[in-house]
Amino acid sequence: MNGMNKAIVGIVLGIALVYSIGSFVLTAIEIWNTGDITIVMFMPHLKDGAFDLDYRLGELSGIALGYYDRFVDYILDDLIHIEGDSRKFIVLAIAAAGFAMSVIGFAVKPTFDIKGRTNPAEYLWTHRPEAFARAVLTPWGFLTGMWYIKKPLVIIPIILLPLYAWWSLLMTALIVIPFLIVKAVVSMKISRAAKLEKREYGKSTQYAVCPVCKRNFRRPNVKCQKCGLVLDYPVPNIYGYKYHTCNKGHEIPCQSGKRANLHTVCPHCNADIETREAKPIAVAMVGACGSGKTTMMLAMVKTVTASGRARDISVDASTHGISRSMTDAKDYAPPTSSGELDSECMFIRSRTLSDREILVNDISGHEFEAKQGKSLFEEYFTYSDGIVFAFDPVMLAKGRGQTPMEVFESFHYMFTQINQVSPSHVSKVPFAVVATHSDVSKIKDGDVRQYLQDNGQEAFVRVLESLFTTVSYFSVCSAGEECSSAAKPFWWIAGLVDRELVEAIPIERCVRAPK
């Protein structure tokens, strides 16, 4: 049981125990003075202007105690015939035994059973399933504890029920008020913390994207770094408002700003992923083999990293495909492997900017070739904030390789099949058309659209602009040290979904009105 639950249990059961012990002491004094069973409730109050410690429950207590009194009298007077001081000792011992049997309930395992079943995180004691019923049954724990250990043993507390029933009833009444008060306070704290966390998460993160299955989701799952249990994403709720505790007792923070280093798991494919509570921007790349997609991606990472560093902003490439060694050798990048590949991810962090994550799906040009039995690779286009479509203007002018229209037709077939929309569906996903190798072609941004039309791609331009509402054209150079233009199409997409990021790292004024 974690510290928060210990405090909650300590308050509720502690209050009940203090009043119960006070009642037992007053009852013991009364038994010693009269020799009769008379249970007195400890309840300090003013009576006729004077301070009094006990409170008589009146007729109700008399009726209830009548059965208890007759039971004790039957044992002492009819069965074993004991009188005098010996009788007082035995009556006192019987009362003490009954009291002890009720107190046992405060220590048995069911009283403190807070383990989660569907989500392996400990509940708050006041918010576990059937919390009120389980709390008021605490003084009857002698009976429930035996049932929990071994069902046939329950016969023992049933036989002894007359000895402790009254004490258990008294303790049950004493638990109700402190339980309700503590639960109300804890519920208020949960509500306040949940509203604050929801507002902060919505402002800084909003959702996450899995680099393996490419699907987006509100929150990932988390894996306890100490024991490996997979839990729901920790937010202020019935499992805790400052931290959650897994069923094996390890604490996990549940407040925004303290969860960045949690080990996260995709709720769809169960892959171990890294989210860092960073707001994601996912970009899918499309283009024929040799069109320069991978080099452009590496040049973008290199540019963003250098621009961020100049503004004291940390850029961390967390996947090997965009690591420092890969960006340094970008001009010699090998062809992208065919098949399903994980997204390339980099995280951006600064003191003034909440964390961001850029995910790039660099897809092999072979996947856009016309062929029978084509794999759809649904993961690639399940979720994207934007699409970067690359073509080599030099190859186009020479009539070599796939044309932009051929690549687009192959891409659009996959895109509509995966998203289950008709071929005529108009998408709002931003679409950047990029002419690579501008150091050779000498094309400028404003000339790309016309260049495509002049080289037999009028249909491509017309069809593209009819199927995507937000289209822009870029010309980039990804080779050599002067490669900052490679970031333009990516930062154009980022600017449409996250203006704060592009203002924090203003690589180049590249956001312009779509054509």
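FYI, side chains are in, hydrogens and waters are out, and symmetry mates aren't considered; it's all heavy atoms of this structure.
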*Closest approach of P280 and T205, non-hydrogen atoms and distance?*
CD-O, 3.8 Å
_Residue pairs, two or more places apart or on separate chains, that pass salt bridge (Lys or Arg N to Asp or Glu O under 4.0 Å) and touch residues 381-402_ = none
*What is the ring orientation for F411 with F408, classed by angle as parallel under 30°, tilted 30 to 60°, or perpendicular over 60°?*
tilted
*Starting at OG of S350, measure out to CG of L501 and round the result to the nearest 0.5 Å.*
9.5 Å
_Using the salt bridge (Lys or Arg N to Asp or Glu O under 4.0 Å) criterion, which residues pair with R276? Sequence neighbours excluded._
E274, D316
*How are the rings of F431 and F468 set relative to one another: parallel (under 30°), tilted (30 to 60°) or perpendicular (over 60°)?*
tilted
*asked:* List the residues meeting side-chain hydrogen bond (donor to acceptor under 3.5 Å, both in side chains) with S475, not counting sequence neighbours, and say none if there are none.
replied: none
_Test side-chain contact (heavy atoms from CB on, under 4.5 Å) on M285 and T294; report intermediate values, then the result._
CA-CA 9 Å; M285 300 186 72; T294 301; over 6 Å; no
_Side chains of Y201 and Y207 only: does a donor on one sit below 3.5 Å from an acceptor on the other?_
no
*Selection residues 286-336 - residue pairs positive for ring pair (Phe, Tyr, Trp, His ring centres under 6.0 Å), sequence neighbours left out*: none
*Quick check: are there more than 12 heavy atoms from other residues, nucleotides or ligands sitting under 6.0 Å from CG of L196?*
yes
*Can you list every ring pair (Phe, Tyr, Trp, His ring centres under 6.0 Å) pair that touches residues 259-291, not counting sequence neighbours?*
F217-H268
*Under the side-chain hydrogen bond (donor to acceptor under 3.5 Å, both in side chains) rule, what do N2 and H244 come out as? Steps first, then yes or no, please.*
CA-CA 9 Å; N2 61 47; H244 291 184; over 6 Å; no
_Between C246 and C227, does the side-chain contact (heavy atoms from CB on, under 4.5 Å) criterion hold? Intermediate values first, please._
CA-CA 9 Å; C246 76; C227 66; 3.6 Å; yes
_The criterion is salt bridge (Lys or Arg N to Asp or Glu O under 4.0 Å); which residues satisfy it with E197, sequence neighbours excluded?_
R219, R259
*Side-chain touch V283/I387, heavy atoms, less than 4.5 angstrom*: no
*asked:* I'd like to check M1 versus V9 (side-chain heavy atoms, cut-off strictly below 4.5 Å). Are they in contact?
replied: yes
*Under 6.0 Å between the ring centres of F368 and Y413?*
no
*asked:* If we count only N and O atoms by modelled type, under 3.5 Å, do the side chains of T303 and S484 hold a donor and an acceptor together?
replied: no
*Can you check side-chain contact (heavy atoms from CB on, under 4.5 Å) on F391 and L452, steps first, answer last?*
CA-CA 10 Å; F391 76 96; L452 285 165; 3.5 Å; yes
*With K223, which residues qualify under side-chain hydrogen bond (donor to acceptor under 3.5 Å, both in side chains), at least two apart?*
D272
*Which residues satisfy the salt bridge (Lys or Arg N to Asp or Glu O under 4.0 Å) test with K293, sequence neighbours excluded?*
none
_Polar side chain donor-acceptor pair, S187 to H127, under 3.5 angstrom_ = yes
*Report the residue from I443, V461, V434, D445 that forms a side-chain contact (heavy atoms from CB on, under 4.5 Å) with Y473.*
V461
*Only counting residues at least two apart or in another chain, list the ones meeting salt bridge (Lys or Arg N to Asp or Glu O under 4.0 Å) with R324.*
D328
*Does CZ belonging to F112 count more than 12 external heavy atoms closer than 6.0 Å?*
yes
_With S354 via side-chain hydrogen bond (donor to acceptor under 3.5 Å, both in side chains) - residues at least two apart_ = R356
*asked:* Is it the case that over 12 heavy atoms from other parts of the model lie below 6.0 angstrom from the CD atom of E503?
replied: yes
*With sequence neighbours left out, which residue pairs that include part of residues 226-247 fulfil the salt bridge (Lys or Arg N to Asp or Glu O under 4.0 Å) condition?*
none
_Check D113 with R117, please: is the shortest side-chain N to carboxylate O separation under 4.0 Å?_
yes
*Is the distance between the ring centroids of F389 and F460 under 6.0 Å?*
yes
*Any chance you could lay out the salt bridge (charged side-chain N to carboxylate O under 4.0 Å, His left out) test for R449 and E465, step after step, and finish with the verdict?*
CA-CA 11 Å; R449 187 173 185 273; E465 293 179 355; 2.7 Å; yes
*Decide yes or no on side-chain contact (heavy atoms from CB on, under 4.5 Å) for Y243 and M4, but give the supporting numbers first.*
CA-CA 9 Å; Y243 55 84; M4 190 177 298; 3.8 Å; yes
*Of all residues at least two apart in sequence or in a different chain, which pass the side-chain hydrogen bond (donor to acceptor under 3.5 Å, both in side chains) check with T138?*
none
_Positive for side-chain contact (heavy atoms from CB on, under 4.5 Å) with N247, one of L231, L229, I114_ = L229
*What's the shortest heavy-atom distance between K330 and C483, and which atoms?*
CE-SG, 3.7 Å
*Taking atom types as modelled, is there a side-chain donor on E344 or T319 under 3.5 Å from an acceptor on the other?*
yes
